[in-house]
Every structure is written in C-alpha cells, then in structure tokens.
Amino acid sequence: MTNYRPLLDKEIATLTVYGCSAEDWKQVLVVEDFSASYFYNVHFSGKVYLGTYNKVFELQGGVKKHSGIFNCHLHNCVVGNDVFIDKVNNYIANFEIGDEAYIDNVNLILVEGESAFGNGTKVPVMIESGGREVPIFDQLSASMAYILTFYRYNKAIEAFESKIANYADSQRSDKGSIGKNVRITNCDSLKNVRIGDCAVIEGVLLLENGTINCNEQAPVYIGRGVQCTNFIINSGTTVSESALISNCFVGQGCIISKQFSAIDSLFFANCQGLHGEAVSIFAGPYTVTHHKSTLMLTALYSFMNAGSGTNFSNHMYKLGPVHQGITERGVKTSSDSYVMWPAKIGAFTVVLGRHKGNPDISDLPFSYLMENDGESSLLPGINLHSAGTIRDVQKWPKRDNRTDEKKLDSINFDFLSPYTLSKALKGIEILNGLLLTMDASTSFVWYQNCKIKRSSIKKGIELYKMAINQFVGEKVVEKLSAVEITTGEDLVRFLSAGSVTEMDEWVDMAGLIAPKSVVDELLKEISTETISLETIQNNLNQIHADYSNYSWAWAKNTLERLAGKSFAEIAIQDLISIVEKWNKAVLTFDDLILRDAKKEFNAVSRTGFGMDGDDADKQLDFDAVRGTSEDNVFMNEINTQMNKTTEITEKLIAQLEKMNV
C-alpha cells in the first residue's frame, strides 16, 4: 500500500509559482519522494493523491515528453507514478490512474455517482422487443451466454442471473480506473468507464458506462470517431474508424471497424464487423461481415460469413419484431442473399438468393439453399465436398487473434462432429422418408417450403453416409493407432470398454460442442446456490476438454447401432471393413474437394489475365500471379492427406489381418 504525506509549504509555493491552485491544499497528498518540478496550470479539488514523475515518454517522430501533469483540473483522483497528463479541456473527476499512463488533449474524463461499468447491462439478443435478455459481465463466455439465451425455460436461469447480478453489484464504485501504460489521446468524453492495462484510446468521441478488459499480453485499441455506450470490450480487440456500439458485449480478439453499427448484440471470439449493421444478434465465434449493405438481425450466428448485401429480416410480424433466426455453425451467404425470419438454417449450409418460406432445414446440414425462379431449392449434403468450406475450416484456428493467456470461449473447430453428424443421421431418415412419399412420375418433392429433386435426395443420402463413415472410422483409427495390442480378443475388449451412455442429442453452444445430457447436468448444478460463476466456467471448460471422450462414445454407439451388434461381438473382419470404409470416404471426399479446387485454374478463372497478349501470355500471366494447381498450398495439403490416409490404412489392415489369422 502506497504511503502518502501532505504537501510541504515549499512544494505548495513551487506549485503556485507554476500556475497551480487548489480548493484546499491539505487535500492534496503525495508520495515521500514527490517533486513539484513537472506541474503547470493544474487545479486540484476534492482529495487528490499524486506520485512521482521521472519518466520521459518517447513518441512517434522522435518527440520526447517528460512525465508530469499540465493544463488540467483533477478532482478526487489518484494519479500513479510516471504519468503524463496535459490539455484536459474540462476536468478529470473520480478516477484512479495507473502508473505510466499517458493522457493528452482530452475533453472530459469522469465518473458520476456509482457505476458497475457495463456489468449487469441486459442485452436483448435475438428478439428486439425482449424475452432473451443476457446480463453481460466481464467474464462472460460464448457458452455461458448460450445457456442464458436459449434455456430461458429452465429454472437454472434465475439462479444464473442472480449470480451475475451479485457480481455486477460487487463491481460498483464511484471511482473509475485507467490502468497502467494506457494511452488516451485526442478524445472527447469518457464517462463511467474502467480501462485495463495497456489500452490505446485515441480520437474517441464517447465511451460511457463500460469496461475495457485488457493487459500487456492482449491490449485493446479504440480508435477515431468511435462511440460506445453500455458496453464491455475484452482483451485483444480493436474498435475503430467511427464504429458505433450500444448495449453490446465484444469478446476477445474481435475487430469492429469502418463505421460498423451494433446495438443490443453479443460478439464472441474473433468476430469481425465492418461497414454493416447488427441489431440484437448473438454472434458466436468467427462471425464475419465485411460489407456496407449487410444487415445482421435478430439471430444466432457462429463461424458465419455474410456476403455483401446479405439481409436478414423479421418484418413478418403482427405483434412487433418478435421473430428470430438460427444459423448453425459454418453458414455462408452469397451476395444479395435474403432470409425472412423465423427460419433455421443447418450447419455449414450455403445460402444463395432470396428465401421467404421460413424453412427449418437444421436436420439437413452441409447443404446449398438456392433460389430458382423465386422458389427455394435445397441440395442436401453437397457442401461436404466444397473446397471453399474446407479451406474456411482449416483457416479458423490459424486466425485466432486471442493473445490473452486466459481465453474465455471454448472453441471446437471440427468440421465433422457428433453435433453435425447426428443431424446427418436424422437427415438420412428424412430423405428416405421423402423418397417413399414421392410419386414415381414426379422429379421433386417439397420439404419445409424448399424444393428437393429426386436426384438430390439420393445424392444427399450417399454423402451423409460417407461423412458418417469417415467420422466414426476416424475415431476407430485413432483408437487403433494409440495402442500396441497383438491379439484380436484383447483388441475387441479394449474397444468395447468404457461408458455406454447414450449420447444421441448434441448441442453446439456457440463453439463448444457437447452432449445434451452433459449440459442438462450442468444446468442442475447452476440451479444451486453454492456454485460460483468461476466454477460454471470451469465446468464448461472441462466439458470442452472431455470432447474427445464424448465423441468416441458417440462414434462407438453409432457403429454398434448401424452394425446391429455390440463392440464385444465385433470381429476383426468388421474392424477391417470400418477402416476400409473410412479410407474410401476420406479419399472420395478429398478427390471431390480437389476437383472443386481445380475449377480455380480453369479457362474461366483466367479471364482478365494477359491484358495485352495472346492465349500463351494469358496463361503465363495467370501462373505468375495466381500460381499453378501443382504449387497451390491448399491442394498440396489435400494430396498429402490422401497419401497419409492410404499409408495409415495399409498399415492398420496389415496389423488387423495378422490378428485375424
């Protein structure tokens, strides 16, 4: 704890000579080795605590400025060591300012009354008129917010909200804070804010009632023209270029910029919002919109990429804006897409064109939803072999902007998972049912206001089956590769051991994939009075850590159900068949992905190359700029994967055949 003393008479005299004044000099307290040398034109009121100022700041362009306090009014403030403050047009009131902070050319910094600094603010996501309000707080994670948003019917929510309210109350203070090494320059008004260490705040118009959580590992940048009210912004995030934020939580590693406007919304890890507009959205990790004419409205998004001119609408209402949308993970929209809520779009589905039929196609993931002659057409499963989708899946973990040691959101990057494939199993049932109801003379059938051709139904069933074979086979291959077992009996015993808990239902909690039964157990715990917010998050982290075990249990149960016998009854030849099916599925999908990728090197893609030359020059120009399919990194990775798959398959089958002798 810092020890302070009253000013000496000679120090008061020096400060007075330098144009400083105070309502009561006795209320100005300083550290023992305080020096009055670096003060000019400062007025003190209320109780003010001062440190010592020896540091020289080196600025861009080679400019140097000595720490000190100049041309400002300080009221009820604690100012740390080696701080620079200059040109505060109004005053700084009721703030604690950390060591080595730099504040220059600011209009107003104050706390009025008591504030929880954004904690406890209720954000009406999904439905503009309310009903799914999420109370935000510093440590809110995507999976926590998912529970608070989508389990409103569960008695655990009241207990959960009570814990958050208690936390918000614990953060209430009549003092704001500016952390160590913070830079605040050329700003207008900062009111009722708390700013973490190493933040850079420059050119901001307004920050009001909010918290910026950051540290040396993961600073936050808030830039020119930005206005934020009722907010929490977390570490590693950038908000800049006249972005407007109101009643929002912005998670770690996000970028909100270029006049983007967001109201009543939640953004979690690595979201990017540029140019467009968001209203009452739940933006799970990696939700991205980069275009001026894009409107994200009243829906759940996750790993979502919105094309230019994408518009989601809830204008179907009669009793107000009450309709919501669900886009499951990995949805992508083309330019000028439109979906009228309510609707539910399945995971990794591509949306092209305009759709007003309120479809629920969540049990047909990996699809294309297209508009033909004003009608919605669906191609089930076709996105399983899209090169663009696979490339997206590969790049997400590489584009994790979070540098904070503590990462709030648990993120599962799997393309194939029990969540998506349990839906694919339902999809196979749905598609088979549609085939049975189709008249022999008809070429298509309607499902959820979408037209599906007979040929697309058959193709979808085939693709879903291959995806299931790939996933469950991969889990068996992982198990087989992890042990040294020489006899068939020991191997079957090893594979059949473990939990037989049914895990048919799975949920994607905005990045965290888990069995529904496990989430239900957590909800029971949340209902208790004793569990803390920290423990809730720790439990969610543990669920995420246990994903591998859960996914194996699902794969095992699925294999047993499809085979019609338990693992204890499975023979070595059955295991060989599983590995062969896995090999065939992987190689088939990879081959289709390569064919799709090669379209980027065809004659159409070369259009516009070789400006002033002949066809030979066109090819040379294309190769110089875009490269060839032979040296493309993505395609080479797929080829490497195919070779590795073949190698693993041959090795495992050889080992299994030895056991089968």
All pairs passing ring-ring contact (aromatic ring centres under 6.0 Å, His included) where residues 95-137 contributes a residue, at least two apart: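 Passing the test, one end in residues 95-137: Phe57-Tyr102, Phe84-Tyr102, Phe137-Tyr167.
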Shortest non-hydrogen separation from [X] to [Y] and the atoms involved:
X: Asn270; Y: Arg399; value: OD1-O, 3.8 Å
X: Glu405; Y: Gln217; value: N-OE1, 2.9 Å
X: Gly284; Y: Ala510; value: CA-CB, 4.4 Å
X: Ser280; Y: Ser265; value: N-OG, 3.2 Å
X: Leu352; Y: Val350; value: CD1-CG1, 3.6 Å
X: Ser313; Y: Leu297; value: CA-CD2, 4.0 Å

Worked verdict on Met296 versus Thr287 for side chain to side chain contact (heavy atoms under 4.5 Å, CB included): CA-CA 10 Å; Met296 311 282 281; Thr287 297; 3.9 Å; yes
Is it true that [X] and [Y] make a salt bridge, defined as a side-chain N closer than 4.0 Å to a carboxylate O?
X: Asp392; Y: Lys332; result: yes
X: Glu216; Y: Lys180; result: no
X: Asp508; Y: Arg329; result: yes
X: Lys258; Y: Glu241; result: yes
X: Asp400; Y: Arg402; result: yes
X: Glu161; Y: Arg152; result: yes
X: Asp520; Y: Lys516; result: yes

Donor-acceptor under 3.5 Å ([X] side chain, [Y] main chain):
X: Glu202; Y: Thr185; result: no
X: Ser417; Y: Asp414; result: no
X: Asn94; Y: Val111; result: yes
X: Ser115; Y: Ser173; result: no
X: Asn401; Y: Gly253; result: yes
X: Gln324; Y: Trp341; result: no
X: Ser376; Y: His355; result: no
X: Asn358; Y: Met340; result: yes
X: Thr149; Y: Ala145; result: yes
X: Asn215; Y: Ala218; result: yes

Stepwise side chain to side chain contact (heavy atoms under 4.5 Å, CB included) test for Ile195 and Leu190: CA-CA 10 Å; Ile195 301 171; Leu190 283 66; 3.9 Å; yes
Return the [atom1] to [atom2] distance between [X] and [Y], rounded to the nearest 0.5 Å.
X: Asp174; Y: Asn192; atom1: CG; atom2: CG; result: 10.5 Å
X: Lys524; Y: Ile531; atom1: NZ; atom2: CD1; result: 13.5 Å
X: Met126; Y: Asp264; atom1: CE; atom2: CG; result: 13.5 Å
X: Ile136; Y: Phe249; atom1: CD1; atom2: CZ; result: 7.0 Å
X: Leu108; Y: Asn90; atom1: CG; atom2: CG; result: 5.0 Å
X: Tyr301; Y: Thr333; atom1: OH; atom2: OG1; result: 9.0 Å

Check whether the side chains of [X] and [Y] place a donor and an acceptor atom closer than 3.5 Å, and report yes or no.
X: Ser551; Y: Ser548; answer: no
X: Glu96; Y: Ser177; answer: no
X: Gln252; Y: Ser235; answer: yes
X: Asn538; Y: Gln542; answer: no
X: Asn209; Y: Asn230; answer: yes

Should we say atom [atom1] of [X] is surrounded by more than 12 heavy atoms from elsewhere, each under 6.0 Å from it?
X: Lys175; atom1: NZ; answer: yes
X: Lys395; atom1: NZ; answer: yes
X: Glu114; atom1: CD; answer: yes
X: Tyr91; atom1: OH; answer: no
X: Lys87; atom1: NZ; answer: yes
X: Gln259; atom1: CD; answer: yes
X: Glu525; atom1: CD; answer: yes

Do [X] and [Y] make a side-chain contact, defined as non-hydrogen atoms from C-beta onward lying under 4.5 Å apart?
X: Glu505; Y: Ser517; value: no
X: Ile184; Y: Ile178; value: yes
X: Gln272; Y: His290; value: yes
X: Ile157; Y: Ile147; value: yes

Would you call the rings of [X] and [Y] parallel, tilted or perpendicular, where under 30° means parallel and over 60° means perpendicular?
X: His75; Y: His73; answer: perpendicular
X: Phe303; Y: Phe413; answer: perpendicular
X: Phe282; Y: Phe268; answer: tilted
X: Tyr550; Y: Trp506; answer: perpendicular

Full working for side chain to side chain contact (heavy atoms under 4.5 Å, CB included) between Leu369 and Ile361: CA-CA 9 Å; Leu369 178 61; Ile361 52 173; 4.1 Å; yes
Phe260: which of Thr289, Leu274, Thr294 passes side chain to side chain contact (heavy atoms under 4.5 Å, CB included):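 When side chain to side chain contact (heavy atoms under 4.5 Å, CB included) is applied between Phe260 and each of Thr289, Leu274, Thr294, only Thr289 qualifies.
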Candidate pair Met144 and Gln139, rule side chain to side chain contact (heavy atoms under 4.5 Å, CB included), full reasoning: CA-CA 9 Å; Met144 275 184 167; Gln139 303 300 313; 6.0 Å; no
Test salt bridge (Lys or Arg N to Asp or Glu O under 4.0 Å) applied to Asp138 and Arg194, step by step: CA-CA 11 Å; Asp138 294 324; Arg194 188 171 57 190; 2.9 Å; yes
